[in-house]
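Written out below as structure tokens is the structure these notes cover.
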Amino acid sequence: MSAEIICVGTELLLGDILNGNAQFLAQQLAQLGIPHYYQTVVGDNPERLKQVIEIAISRAQILIFTGGLGPTPDDLTCETIADFFKVPLIERSDIIEDITQKFAQRGRVMSPSNRKQALIPQGAEILPNPTGTAPGIIWQPRPEITIFTFPGVPSEMYPMWEETAVPFLKSQGWGKEIIYSRSLKFWGIGESALAEKVSSYLKLPNPTVAPYAGKGEVRLRVSAKATSEAAAEELIAPIEKQLKEIAGLDFYGVNNDTLASVVGQLLRASKETLSVAESCTGGGLGQMLTEISGSSDYFWGGVISYDNSVKVGLLGVNQEDLDKFGAVSATVAEQMAVGVKTRLATTWGLSITGIAGPTGGTDTKPVGLVYIGLAGPKDEVASFEYQFGTTRGRALIRHVSANAALDNLRRKLLTR
């Protein structure tokens, strides 16, 4: 038995709102151990919704609908479901009473259009909505099919799921097993290269291992089905250990770890401090660091040296080197790192200079060219060159540049 999530709303198809409901429900289904292989988004169109239902009942036994339960003419979920299964809608007086009371509590009178929300398929049970006016339904139109409907408003849908749907599903025998996952994070290796290294693990039945790429990083999702989270972690632990050993320094963290948080842990453990000098990232590196609670323990500050006069006057970059090599160069990156480390009196200095685009590139220094400088406690200085490409876009180039800088510092802290 498996579930399918069906999200109804033209606004979802147009990209006007983010489909967070599907993510929430997918995570909840995993916690109940309910397999979930498909998600569908469909607009406010009854014929297309019927087509979606036809496909869904051929491959899933639990259908979870969100959206389309409001009082307006384009809210068609309940009546379309009823029409598909050839069942009449009936008006429930208890729903009308509930809606009337909720309007009265707000000092308002129920609009006639809200009576539409009291129409549910004959034989369906009400799925109460404690905060909004649109109730959902729990319905088995056929012995092998269970349907849930929820409003699209997350603040209404979430408590309805937790307070009514979850207890119902558990009463049907679900929740005895869970699907638990850990996300292993890697930087400095591509998805295909990592997949080749761990290819034998991608065929495991339980736990399963699956690679996927993010913004410059790669992840391996390790998922186990077990009777409890603790039991799942026991299954995952030896596989996680082996994957980390294979990846070596390319592995940097799990789940909610970021390169900034991992670097922070290392600096705090060694009682060392960091300052940064940024050009093309415009403060993005400093923002990543200060998003970590308690980062003032090790991060002392930074300089956004966008103009060359700041590089020279504040960071001590040599004007002749600027003229000879240009602002985007290994030499300038190193001098920026040394300059900020010296001016702020920190253990480490980290710098970024590059061309984030979309303009400013040349044949010899194209958009996406970035240099990172690193100055350490023993007067050691290093630089690293990256070509992030011209098609990534300005925001992504800035993001991966900042993370690449943090990754170089992480590797240095781990291997010195």
Side-chain angles (χ1 to χ4, degrees), residues 1-46 48-53 55-57 59-82 84 102 116-117 120-121 124-139 145-170 172 174-175 178-181 183 212 214 221 223 256:
M1 182 175 286
S2 65
E4 182 157 342
I5 299 169
I6 302 171
C7 300
V8 183
T10 302
E11 68 277 9
L12 294 171
L13 291 176
L14 294 174
D16 291 340
I17 62 172
L18 186 66
N19 192 3
N21 287 344
Q23 181 184 32
F24 170 81
L25 289 168
Q27 293 168 341
Q28 292 291 308
L29 289 170
Q31 291 180 16
L32 291 166
I34 298 177
H36 156 233
Y37 306 121
Y38 300 96
Q39 295 179 7
T40 303
V41 178
V42 61
D44 302 301
N45 180 284
R48 287 192 282 274
L49 182 52
K50 288 179 184 178
Q51 293 172 11
V52 166
I53 296 171
I55 295 170
I57 62 174
R59 62 191 185 189
Q61 295 73 46
I62 301 173
L63 275 56
I64 305 172
F65 294 81
T66 68
L69 301 186
T72 61
D74 63 344
D75 290 311
L76 302 167
T77 298
C78 254
E79 62 185 83
T80 303
I81 294 172
F84 178 88
K102 286 174 177 172
K116 177 182 179 182
Q117 294 174 303
I120 68 171
E125 297 295 326
I126 297 172
L127 203 167
N129 184 340
T131 57
T133 60
I137 64 169
I138 301 176
W139 187 33
I145 299 294
T146 300
I147 288 176
F148 296 84
T149 67
F150 297 90
V153 181
S155 61
E156 297 180 21
M157 191 268 282
Y158 293 3
M160 292 170 68
W161 172 264
E162 293 166 352
E163 294 172 16
T164 305
V166 170
F168 175 85
L169 288 166
K170 287 185 174 180
Q172 302 300 302
W174 293 103
I178 65 166
I179 301 171
Y180 175 79
S181 299
S183 181
Y212 58 105
R221 185 187 65 246
S223 302
N256 295 323

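Remember, predicted model here, so these are calculated numbers, not experimental data. Numbers here simply count residues along the sequence, with the first being 1.
- When each of Val41, Leu63, Ile64 is tested with Ile6 by the rule side-chain contact (heavy atoms from CB on, under 4.5 Å), just one qualifies, namely Leu63.
- Minimum heavy-atom separation, Leu69 to Gly136: CD1-CA, 4.2 Å.
- Contact check for Trp139 versus Ile120: no side-chain heavy atoms found under the 4.5 Å cut-off.
- Residue Asp16 qualifies as enclosed at atom CG: its count of foreign heavy atoms under 6.0 Å is above 12.
- Between Pro46 and Thr80, the shortest heavy-atom contact is O-CG2, 3.5 Å.
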Give the C-alpha distance, both sets of side-chain angles, the deciding distance and a yes or no for side chain to side chain contact (heavy atoms under 4.5 Å, CB included) between Ile53 and Phe65.
CA-CA 10 Å; Ile53 296 171; Phe65 294 81; 3.9 Å; yes
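- Rounded to the nearest 0.5 angstrom, Gln51 CD and Phe84 CZ are separated by 10.5 Å.
- Taking all atoms of both residues into account, the shortest heavy-atom contact from Lys116 to Gly70 is CD-O, 4.2 Å.
- Side-chain contact check for Gln61 versus Ser2: some heavy-atom pair is nearer than 4.5 Å.
- From Gln23, atom CD reaches atom CD of Gln28 across 11.0 Å, with rounding to the nearest 0.5 Å.
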Quick one, Leu29 with Ile5, criterion side chain to side chain contact (heavy atoms under 4.5 Å, CB included). Give me CA distance, side-chain angles, the key distance, then yes/no.
CA-CA 10 Å; Leu29 289 170; Ile5 299 169; 4.1 Å; yes
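- The line from CD1 of Ile147 to CD1 of Ile62 is 11.5 Å long, rounded to the nearest 0.5 Å.
- For Thr10 (side chain) and Asp44 (main-chain N/O), a donor-acceptor pair under 3.5 Å exists by modelled atom type.
- Side-chain atoms of Met1 and Pro35, non-hydrogen and from C-beta on, never get closer than 4.5 Å to each other.
- Side chain of Asn21 to main chain of Gly152: a donor-acceptor pair is present (N/O by atom type, distance under 3.5 Å, no hydrogens or angles).
- The CG atom of Asn19 sits 4.0 Å away from atom SG of Cys7, with the distance rounded to the nearest 0.5 Å.
- Tyr212 approaches Ser183 most closely through the heavy-atom pair OH-OG, 3.6 Å.
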Could you walk me through whether Tyr38 and Ile55 satisfy the side chain to side chain contact (heavy atoms under 4.5 Å, CB included) test, starting with their C-alpha distance in whole Å, then the side-chain angles of each, then the deciding distance to 0.1 Å, before giving a yes or no?
CA-CA 11 Å; Tyr38 300 96; Ile55 295 170; over 6 Å; no
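- One distance of note links CD1 of Ile34 with CD1 of Ile178; it measures 12.5 Å at 0.5 Å rounding.
- Glu4 pairs by the salt bridge (Lys or Arg N to Asp or Glu O under 4.0 Å) definition with Arg59, not counting sequence neighbours.
- Heavy-atom minimum distance, Gly132 versus Lys102: O-NZ, 2.6 Å.
- At most 12 heavy atoms of other shown residues, nucleotides or ligands fall within 6.0 angstrom of atom CD in Glu125.
- Using cut-offs of 30° and 60° on the angle between ring planes, the pair Trp161 and Phe24 is perpendicular.
- The side-chain contact (heavy atoms from CB on, under 4.5 Å) test with Thr66 singles out one residue from Thr77, Val8, Val153, Leu25, and that residue is Leu25.
- Shortest non-hydrogen contact noted between Pro151 and Glu156 is CG-OE1, 3.6 Å.
- Asn129 CG to Leu127 CG: the interatomic distance, rounded to the nearest 0.5 Å, is 8.5 Å.
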